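The structure presented is a predicted model; accordingly, all values stated were derived computationally and were not measured. When a residue number appears, it is its place in the shown sequence, counting from 1.
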Amino acid sequence: LRGMLAPLPFDVVVNCAALTAVDYCETHADEAMQVNTHAVRGLGEVCAEKGVRCIHVSTDYVFDGEKWEPYTEEDVPKPISVYGQSKRLGEIGLLESSESHLVVRVSWVFGPDRPSFIDQVLQRAAEQDHVDAIADKWAVPTYTRDAAQLMLPLLFDHPGGGVLHLCNTGSCTWQEYGQYALDCAASLGRKLKAKTVGPLKMAELSAFIARRPPYTVMSTARLAATIGHQPRPWQAAVEDYVRTLSNK
């Protein structure tokens, strides 16, 4: 990494690279630590040596999910999975390498170029009469296009380091998230066999290997104070994305 980046000229680095398969990380801890921890610290050190800011994308999975009210940046992370631990150690390594580096935490990411939960639930609803999703896990969806726009002023206009929660506003379960996507698709005339999303409990999903935090809704109050406005609600972002899918 050092050999690749040190000779290159750049003004800022935004690191979106990560090993994000939660169950895979649980059984491949060394690989997870290499990608999510050691590489991030190394990137932060190279940027610090060049006097360049690094913005690193992290996750809500650094929390244990037991707070049951929106997490702020002041809350102490307590990851409960290898994935969450590797991401938290990556945050620490980055921030220790320079006070100007910034960690932005996202959750339930969706958007173009990579299939997400929305794409999966719409496809299942188009092919099957019955669709289910987890109803006892809460977080906030993050639209990649919104995240990119929210991050723009953080590149140079707001040089302070530390941690920011960068997601859309509100909260929902996977079931509510999927149901809203189906409702948006139906209103746009998309043909669906399944009209509703049924409830599942996390305890029923025996295929899960890693523990999942049940509640990781994140507050964006600090982000809003930094850039001057709140992100829009997750429902508006989901509606926009579903419309782009319907226009294809």
Side-chain angles (χ1 to χ4, degrees), residues 10-16 18 20 47 52-63 65 67-77 87 91 94-95 98-114 116-118 137-174 176-181 183-184 187-188 213 215-247:
F10 49 85
D11 299 314
V12 65
V13 169
V14 178
N15 180 43
C16 303
T20 60
C47 289
V52 170
R53 188 179 203 200
C54 182
I55 299 177
H56 170 61
V57 179
S58 191
T59 175
D60 57 323
Y61 269 51
V62 299
F63 297 114
K67 185 182 178 185
W68 299 106
E69 62 183 60
Y71 282 93
T72 71
E73 292 84 351
E74 286 78 25
D75 287 313
V76 178
K87 291 293 288 183
E91 291 182 355
L94 183 90
L95 297 175
S98 173
E99 293 182 353
S100 69
H101 291 343
L102 178 66
V103 169
V104 294
R105 293 178 181 145
V106 301
S107 53
W108 289 6
V109 175
F110 70 94
D113 303 320
R114 179 180 178 181
S116 65
F117 173 74
I118 292 178
K137 177 173 168 53
W138 288 260
V140 191
T142 306
Y143 189 17
T144 53
R145 288 182 172 174
D146 285 8
Q149 290 297 318
L150 293 167
M151 205 179 297
L152 278 176
L154 303 176
L155 299 180
F156 301 106
D157 297 342
H158 301 281
V163 178
L164 283 176
H165 292 167
L166 193 144
C167 51
N168 290 99
T169 56
S171 67
C172 60
T173 64
W174 283 112
E176 292 168 335
Y177 185 15
Q179 185 63 61
Y180 193 79
D183 293 344
C184 290
S187 70
L188 292 167
Y215 182 97
T216 53
V217 176
M218 295 189 294
S219 168
T220 56
R222 177 180 287 183
L223 174 68
T226 300
I227 65 176
H229 64 90
Q230 278 278 15
R232 62 178 171 167
W234 68 267
Q235 294 95 329
V238 168
E239 185 176 357
D240 267 4
Y241 180 58
V242 173
R243 185 177 292 109
T244 66
L245 295 176
S246 299
N247 291 335

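The existence of a salt bridge linking R243 and E239 is confirmed by a sub-4.0 Å separation between a basic side-chain nitrogen and an acidic carboxylate oxygen. Salt bridge E73/R105: absent, no basic N to carboxylate O contact under 4.0 Å.
Once rounded to the nearest 0.5 Å, the distance linking OG1 of T244 with CG of L188 reads 10.0 Å. Taken from CE in M151 to OG1 in T144, the straight-line distance is 10.5 Å, to the nearest 0.5 Å. The CG atom of L166 sits 10.0 Å away from the OG1 atom of T226 when rounded to the nearest 0.5 Å.
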TODO: Begin from the C-alpha positions of Q235 and E176 and carry the test side-chain contact (heavy atoms from CB on, under 4.5 Å) through to its verdict.
DONE: CA-CA 10 Å; Q235 294 95 329; E176 292 168 335; over 6 Å; no
- [ ] Apply side-chain contact (heavy atoms from CB on, under 4.5 Å) to the pair T220 and C167, showing each step before the final yes or no.
- [x] CA-CA 7 Å; T220 56; C167 51; 3.7 Å; yes
TODO: For side-chain contact (heavy atoms from CB on, under 4.5 Å), just list the numbers for M218 and T142, CA-CA rounded to whole Å, side-chain angles, deciding distance to a tenth of an Å, and then say yes or no.
DONE: CA-CA 11 Å; M218 295 189 294; T142 306; 5.9 Å; no
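Put simply, the side chain of Y215 reaches to within 4.5 Å of the side chain of P70, judged on heavy atoms. Within the 4.5 Å cutoff, the side chain of P213 has no heavy atoms near those of the F63 side chain. No side-chain heavy atom of D11 sits less than 4.5 Å from a side-chain heavy atom of L155. In this structure the side chain of W108 reaches within 4.5 angstrom of the side chain of K137, judged on heavy atoms. Side chains of Y61 and P77 form no contact here, defined as non-hydrogen atoms less than 4.5 Å apart.
Of the residues listed (F110, Y180, Y241), the one engaging W234 in a ring-ring contact (aromatic ring centres under 6.0 Å, His included) is Y180, and it is the only one. The side-chain contact (heavy atoms from CB on, under 4.5 Å) test with I55 singles out one residue from L102, V103, L164, V13, and that residue is L102. Screening S58, C54, C47 against L94 for a side-chain contact (heavy atoms from CB on, under 4.5 Å) leaves a single residue, C54.
Between the R232 side chain and the D146 main chain, no donor and acceptor come within less than 3.5 Å of each other.
Nearest heavy atoms, R53 versus H158: NH1-O, 2.8 Å. Between A181 and I118, the closest heavy-atom pair is CB-CG2, 4.1 Å. Residue S171 comes nearest to V217 through the heavy atom pair CB-CG2, 3.5 Å, listed as atom of the first residue, atom of the second, then distance. Nearest heavy atoms, L223 versus P231: CD2-CG, 3.7 Å. Between S219 and T72, the closest heavy-atom pair is CB-CG2, 4.2 Å. Across every non-hydrogen atom of D75 and K67, the tightest pair is OD2-NZ, 2.6 Å.
A donor atom on one side chain and an acceptor atom on the other are not found under 3.5 Å apart for S107 and D60. Between the side chains of Q230 and T169, no donor-acceptor pair is found at a separation under 3.5 Å.
Annotation for E99: atom CD does not count as buried by contact number, only 12 or fewer foreign heavy atoms lying within 6.0 Å.
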